[in-house]
Amino acid sequence: MKKHLSLKGVFPIVATPFTPEGEVDFDSFENLITVLARGGCDALTLFGIAGEFYKLTDAEKQTMAEVLVARCRALGVPSIVSVTDHATEVAVKSARRFADLGADCLMVLPPYFLKPGAAAVEAHLRAIASAVPETPLMLQYAPEQTGVAIPPAVFATLARDFGNARDFKIECKPVGPYLSKLLEMTEGLDLRGHVGNAGYNMLEAYDRGAVGVMPGCSMFDLYLKIHQAHIGGDRQTSLRLHTALLALLNQIRQDVEMIIAFEKIILHRRGIIASATCRRPTHSPDRYAMALFETLYTEIEPLLEPLA
């Protein structure tokens, strides 16, 4: 196993840029990877929910994984590739394929279609952990998006049974008690908790022992500032910056497709991707929503770094 990989910090979900015609824009994709890596991100994550993985063909996903892993290696940033397949047999094949590509870590989204039971979910995760014993895993808990509940005891058992299961992305609501319970149950295992959900509860999660955040990528530099201030002991600055961020998130993250659409709008506005296109079905903000976004984004923009 890649023993020296200890994920801590900000690992944004890399968006999937599309051309206005709806094709994957690989030039924008590579530019996005470069901006995030050179901007100080601690790792880059491919095929998170915010990356619209569910709108991609298998061929597109394979090519994107190849590009991300190669570019991350060249830029000196760890790569995290998510295994999102519902069928255990298919997920195992994907995990082996991404591991063979050289992904530094695999994030695993447990199966959720038709809501399989806890035993089936655990068996799925065990099969993947067994299939790639040399590759670190990050197990994802996203009940809001998937509708599947996983007790912390299941993750604790997996962490005890598999040396490559040490990272967990927790994005339930509320996140705090679940994270605390998981860390309590795995004391002594050097388990690392990370928070998702756009970093809504980032500060509480950090106070409870989380060491990383996995947000969307459009405002990566603001998340880095919050992270660095908080771990550096400047709680006043981290609270001020996070509070400013929450005002915008509260409006643009009313559902998943909505925040994906606005993430693309911000990325395009910052000159990182060529088009804000999302594949359909998608969220189309109306005039009022765009006007409110403009007002709130004006408050956030001075906190973002200018990009060349």
Side-chain angles (χ1 to χ4, degrees), residues 1-2 7 11-16 18 24 29 43-70 72 78-150 154-155 157-159 161-162 164-172 194 196 214 256-257 260 278-281:
M1 189 169 64
K2 299 171 177 126
L7 291 170
F11 330 122
I13 305 297
V14 180
T16 302
F18 295 110
V24 176
F29 181 59
L44 302 186
T45 311
L46 187 63
F47 306 141
I49 293 172
E52 296 176 276
F53 73 84
Y54 48 93
K55 298 179 182 177
L56 298 170
T57 68
D58 289 342
E60 288 169 338
K61 286 193 283 189
Q62 178 66 18
T63 302
M64 290 176 69
E66 291 171 359
V67 170
L68 179 99
V69 170
C72 281
S79 57
I80 305 170
V81 180
S82 188
V83 176
T84 61
D85 307 281
H86 179 79
T88 302
E89 293 84 354
V90 180
V92 164
K93 291 178 181 178
S94 293
R96 286 175 172 153
R97 188 170 66 252
F98 295 149
D100 289 344
L101 276 181
D104 294 295
C105 178
L106 300 180
M107 185 163 72
V108 183
L109 181 66
Y112 59 89
F113 185 64
L114 301 180
K115 296 180 176 56
V121 169
E122 183 175 352
H124 183 93
L125 298 175
R126 283 181 172 277
I128 293 172
S130 298
V132 288
E134 301 301 314
T135 302
L137 300 182
M138 180 183 295
L139 305 185
Q140 183 177 7
Y141 183 42
E144 182 185 16
Q145 291 81 13
T146 66
V148 173
I150 304 173
V154 171
F155 283 151
T157 298
L158 290 164
D161 291 350
F162 295 96
N164 57 340
R166 287 293 180 270
D167 289 276
F168 292 81
K169 181 186 181 184
I170 308 301
E171 41 194 345
C172 53
H194 313 285
M214 194 175 285
V256 176
E257 288 286 4
I260 288 172
C278 297
R279 277 183 175 167
R280 297 170 292 180

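Only a predicted model underlies this, so the values are computations on that prediction, with no experimental measurement involved. Nothing fancy with the numbering, it's 1 onward along the sequence.
Under the ring pair (Phe, Tyr, Trp, His ring centres under 6.0 Å) criterion, Phe18 pairs with no residue at all, not counting sequence neighbours. Phe155 meets the ring pair (Phe, Tyr, Trp, His ring centres under 6.0 Å) test with Phe168; sequence neighbours excluded. Judged as a ring pair (Phe, Tyr, Trp, His ring centres under 6.0 Å), and not counting sequence neighbours, Phe98 has no contacts. For Thr146, the side chain to side chain donor-acceptor pair (under 3.5 Å) test picks out no residue, with sequence neighbours left out. The side chain to side chain donor-acceptor pair (under 3.5 Å) test applied to Lys55 returns Glu52, Glu257, not counting sequence neighbours. Under the rule for a side-chain contact (heavy atoms from CB on, under 4.5 Å), the partners of Glu66 that lie at least two apart in sequence or sit in another chain are Gln62, Leu101.
Considering all non-hydrogen atoms of both residues, Lys115 and Gly147 come closest at CE-O, 3.7 Å. The two residues Cys72 and Pro78 come nearest to each other via the heavy atoms SG-O, 4.2 Å. Between Thr135 and Ala99, the shortest heavy-atom distance links the atoms OG1-CB, 3.5 Å. Considering all non-hydrogen atoms of both residues, Val92 and Ala131 come closest at CG1-CB, 3.7 Å.
We find the CE-CG distance between Met138 and Leu7 to be 5.0 Å, quoted to the nearest 0.5 Å. Thr16 contributes atom OG1, which lies 9.5 Å from atom OH of Tyr54 (distance to the nearest 0.5 angstrom). In this structure, the separation between OG on Ser94 and CG on Asp58 is 7.5 Å, given to the nearest 0.5 Å. Expressed to the nearest 0.5 Å, how far CD1 of Ile13 lies from OG of Ser82 amounts to 7.5 Å. The distance from the CE atom of Met107 to the CD1 atom of Ile80 is 7.5 Å, given to the nearest 0.5 Å. With rounding to the nearest 0.5 angstrom, the CG atom of Leu109 is 5.5 Å from the CZ atom of Phe53.
Under the 3.5 Å distance criterion, the side-chain polar atoms of Arg166 are left unmatched by any main-chain donor or acceptor of Pro136. Side-chain atoms of Thr45 come within 3.5 Å of backbone N or O of Phe11 as a donor-acceptor pair. Looking only at distances, a side-chain donor or acceptor of Ser79 sits under 3.5 Å from a matching main-chain atom of Asp104. Looking at Asn164, its side chain never comes within 3.5 Å of a backbone N or O of Leu137 through a donor-acceptor pair.
Considering only heavy atoms from C-beta on, Val148 stays 4.5 Å or farther from Phe113 through its side chain. The shortest distance between side-chain heavy atoms of Pro143 and Tyr141 falls below 4.5 Å. Using a 4.5 Å heavy-atom threshold, the side chains of Val154 and Val121 count as separate. Residues Cys278 and Ile260 have side chains in contact (heavy-atom distance under 4.5 Å, counting atoms from C-beta outward).
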Check step by step if side-chain contact (heavy atoms from CB on, under 4.5 Å) holds for Phe29 and Leu46.
-> CA-CA 11 Å; Phe29 181 59; Leu46 187 63; 3.8 Å; yes

Apply salt bridge (Lys or Arg N to Asp or Glu O under 4.0 Å) to Arg279 and Glu60, showing your working.
-> CA-CA 13 Å; Arg279 277 183 175 167; Glu60 288 169 338; 2.8 Å; yes

Pair Lys93-Asp85, side-chain contact (heavy atoms from CB on, under 4.5 Å): steps then yes or no | CA-CA 9 Å; Lys93 291 178 181 178; Asp85 307 281; over 6 Å; no

Would you sort out whether Val83 and Phe47 count as a side-chain contact (heavy atoms from CB on, under 4.5 Å), showing the intermediate values?
-> CA-CA 8 Å; Val83 176; Phe47 306 141; over 6 Å; no

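In the displayed structure, Phe162 atom CZ is contacted under 6.0 Å by more than 12 heavy atoms of other residues, nucleotides or ligands.
A side-chain N or O of Gln140 and one of Glu171 form a donor-acceptor pair less than 3.5 Å apart.
Under the 4.0 Å criterion applied to side-chain N and carboxylate O atoms, Glu122 and Arg126 are assigned as salt-bridge partners.
Partner of Leu139 under the side-chain contact (heavy atoms from CB on, under 4.5 Å) criterion, chosen from Ile128, Leu125, Asp167, Leu106: Leu125.
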